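Model, not experiment: these values are computed from the prediction.
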Amino acid sequence: MYLYVDDFTMTAACGILKWVLRTNGKSLQDEVIPSRKEKEEKTAICMSDAKINNHGPARIVPEDIIVTALVACQFHLYDLTHEDEDDIICAGIVDRKHFISDYYQVMHHGAHIQNSDKYVDYCHQLLCKLRRVNPQLDIDGEKNIWISKPRNLSRGRGIRCRNDLKDICSLGREWVVEKYIERPLLVYGTKFDLRQHFLITDWYPLTIWFYKHSFLRFSSQPFTLESLDTATHVCNYAIQKKLKNAPNRHPNLPEENMWHSDEFKEYLCTIGKEQVWDSIIIPGMKKALIHTMKATRENVKYRKNSFDLFGSDFLFGENFQPWLLEIQYKPGITKDTSVMWKIVPPMVEDMLRVVIDYKDDPNCNVGGFELIYKQANYTGNGILSKEKTFRDLKITTISDP
């Protein structure tokens with residue numbers, strides 16, 4: 001719990017620095033800056049969040065909060081770049097309770113910070129340095145929102161967004177808490193995630209197949225951080241199918257709140273970003289899955305001559321960079337939408353090609369599956385480094401722990 005409190009406090013400190021830049025009309029260099037229309041649709045940064053929490057009336061906050069945040073972020077930067085140092089974050093904020101209280105005033109109640117314009121350059125320089133060593137800095141946002149999930153429930157049940165430290169710390173061991181992505185890529189002002197299926201036909205040697213078709217799941221409500229309502233922030237279809245779509249949603253959004261990946265690629269063409277699918281999204285998802293499976297392989301109870309189908313859920317940053325949220329073992333493939341009818345039957349058929357036909361004929365048609373990783377020349381200890389080429393895809397295998 002102590003480490004989490006540090007993490008929450010550090011995110012708040014970075015949020016103060018971002019608030020200083022935004023309030024004074026400055027942004028991080030090469031940051032994705034949305035158009036006026038996108039800003040209106042997104043409403044991602046709001047001046048008041050009084051409906052969510054009640055931490056007292058809004059007021060003017062002394063500039064000391066900026067100084068405290070700068071010091072904490074400087075210590076954090078040092079901590080990230082000096083691996084031999086421990087627990088240095090705590091040294092940056094002596095009176096944590098007072099700092100968090102002032103932070104709530106600014107972020108939840110629209111309080112103004114005195115003389116913030118004096119610190120713009122300092123905040124900008126420090127955030128740029130942090131950005132080089134913290135790839136999640138941009139997606140963290142300012143509100144310090146976290147998503148909590150019951151450990152033993154599925155289909156989005158019990159998931160809630162929270163932004164109060166005391167509330168989060170009161171949760172028991174049966175909960176999992178992770179940082180919420182406050183600045184996701186939106187489609188027509190609406191949040192979505194992407195379900196990507198992949199197949200593992202062997203763990204030793206690790207063999208991963210990536211399915212070329214995927215689907216997007218949309219929220220039924222326009223995205224906003226003014227409310228932490230599940231209907232807005234949890235895209236799980238089991239949740240969204242029970243809700244009514246907001247009347248002010250964009251007319252181009254699907255009524256059943258699901259898109260085939262081909263429809264998403266068509267959308268990317270309409271906004272002049274057709275290249276990001278092959279240059280950023282697909283490579284990013286493959287990389288995340290390969291590294292994740294390699295990291296967890298030792299904990300898998302595996303039977304030879306078996307296979308596993310997984311469903312991985314991705315969110316995207318405003319720069320289209322994919323972020324892996326979670327991986328579902330034996331994901332639901334119920335054909336309850338037109339999109340699922342289009343994806344599931346051919347995927348199941350292609351699975352049989354991979355599991356049965358490919359074993360006897362490596363040159364057979366495997367349909368929509370692509371072999372993206374296979375550990376080379378596995379001998380039992382995994383200590384080998386070699387490159388192999390499968391079809392037209394170059395797969396590099398490295399020395400595995």
Is atom [atom1] of [X] surrounded by more than 12 heavy atoms (other residues, nucleotides or ligands) closer than 6.0 Å?
| X | atom1 | value |
| --- | --- | --- |
| His98 | NE2 | no |
| Tyr267 | OH | yes |
| Lys242 | NZ | no |

Kindly say whether [Y] contributes a backbone atom to a donor-acceptor pair with the side chain of [X] at under 3.5 angstrom?
| X | Y | result |
| --- | --- | --- |
| Asn24 | Lys26 | no |
| Asn144 | Phe8 | yes |
| Ser261 | Ser214 | yes |
| Glu182 | Ile145 | yes |
| Arg151 | Arg173 | yes |
| Gln221 | Lys244 | yes |
| Thr207 | Pro205 | yes |
| Lys179 | Asp140 | yes |
| His109 | Ala111 | no |
| Lys212 | Phe369 | no |

Check whether the side chains of [X] and [Y] place a donor and an acceptor atom closer than 3.5 Å, and report yes or no.
| X | Y | value |
| --- | --- | --- |
| Gln328 | Ser312 | no |
| Ser219 | Asn257 | no |
| Asp202 | Tyr302 | yes |
| Ser148 | Arg162 | yes |

Handout entry: Salt bridge flag under 4.0 Å for residues Asp308 and Lys330
Key =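 Salt bridge: no.
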Problem - Short N-O contact, Glu142 and Lys18, less than 4.0 angstrom - result: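 Salt bridge: no.
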Practice task
Could you walk me through whether Arg96 and Asp6 pass the salt bridge (charged side-chain N to carboxylate O under 4.0 Å, His left out) test, one step at a time?
Solution key: CA-CA 9 Å; Arg96 191 195 308 268; Asp6 266 356; 3.1 Å; yes
Exercise for the section: Decide yes or no on ring pair (Phe, Tyr, Trp, His ring centres under 6.0 Å) for Phe198 and Tyr211, but give the supporting numbers first. Expected result: CA-CA 6 Å; Phe198 66 99; Tyr211 197 59; over 10 Å; no
Practice task
Start with the C-alpha distance between Asp138 and Arg131, add both sets of side-chain angles, then the distance that settles salt bridge (charged side-chain N to carboxylate O under 4.0 Å, His left out), and finish with yes or no.
Solution key: CA-CA 8 Å; Asp138 287 343; Arg131 198 184 200 191; 2.7 Å; yes
Exercise for the section: Please lay out, stage by stage, how Arg59 and Asp102 fare under the test salt bridge (charged side-chain N to carboxylate O under 4.0 Å, His left out). Expected result: CA-CA 9 Å; Arg59 59 184 177 86; Asp102 282 349; 2.4 Å; yes
Minimum heavy-atom separation for [X] to [Y], with atom names?
| X | Y | result |
| --- | --- | --- |
| Lys335 | Trp341 | O-NE1, 3.0 Å |
| Ile343 | His260 | CG1-CD2, 3.6 Å |
| Ala69 | Leu17 | CB-CD1, 3.5 Å |
| Cys161 | Leu228 | O-CD1, 3.7 Å |
| Phe192 | Leu186 | CE2-C, 4.2 Å |
| Val5 | Thr9 | O-OG1, 2.7 Å |

Looking at side-chain heavy atoms only, is the closest gap between [X] and [Y] below 4.5 Å?
| X | Y | answer |
| --- | --- | --- |
| Gln114 | Val61 | no |
| His213 | His197 | no |
| Phe99 | Ile65 | yes |
| Glu349 | Pro346 | no |
| Cys73 | Leu130 | yes |
| Ile147 | Ile159 | yes |

Problem - is_close_aromatic(His112, Trp19), centroid dist under 6.0 Å - result: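 Ring-ring flag for His112/Trp19: true, centres closer than 6.0 Å.
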Exercise for the section: Would you confirm whether the ring centroid of Trp209 sits within less than 6.0 angstrom of the ring centroid of Phe310? Expected result: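 When the ring centroids of Phe310 and Trp209 are compared, they turn out to be at least 6.0 Å apart.
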Handout entry: Nearest-0.5 Å distance that lies between atom CE in Met347 and atom CE in Met351
Key =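 Answer for the CE-CE pair, Met347 versus Met351, is 6.5 Å.
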Problem - For Phe218, the option from Tyr188, Tyr237, Trp259, Phe264 that meets ring pair (Phe, Tyr, Trp, His ring centres under 6.0 Å) - result: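 Going through Tyr188, Tyr237, Trp259, Phe264 one by one, the ring pair (Phe, Tyr, Trp, His ring centres under 6.0 Å) with Phe218 is satisfied by Trp259 alone.
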Practice task
Please report the C-alpha distance between His233 and Tyr180 in whole Å, then the side-chain angles of each, then the deciding distance to 0.1 Å, and finally whether the ring pair (Phe, Tyr, Trp, His ring centres under 6.0 Å) criterion is met.
Solution key: CA-CA 9 Å; His233 300 285; Tyr180 182 72; 5.2 Å; yes
Exercise for the section: Can you sort out the partners of Glu63 under salt bridge (charged side-chain N to carboxylate O under 4.0 Å, His left out), two or more places apart, ordered by chain and number? Expected result: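 Glu63: salt bridge (charged side-chain N to carboxylate O under 4.0 Å, His left out) contacts with Lys118.
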Problem - Residues forming a ring-ring contact (aromatic ring centres under 6.0 Å, His included) with Phe307, sequence neighbours excluded - result: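 Residues passing ring-ring contact (aromatic ring centres under 6.0 Å, His included) with Phe307: none at all.
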Problem - Six-ring centre of Phe210, Lys286 cation under 6.0 angstrom, axis tolerance 45° - result: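 Because its charged atom sits under 6.0 Å from the ring centre and within 45° of the axis, Lys286 does stack over Phe210.
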Practice task
Given salt bridge (charged side-chain N to carboxylate O under 4.0 Å, His left out), test Lys241 with Glu256 step by step and report yes or no.
Solution key: CA-CA 8 Å; Lys241 69 179 182 180; Glu256 60 184 6; over 6 Å; no
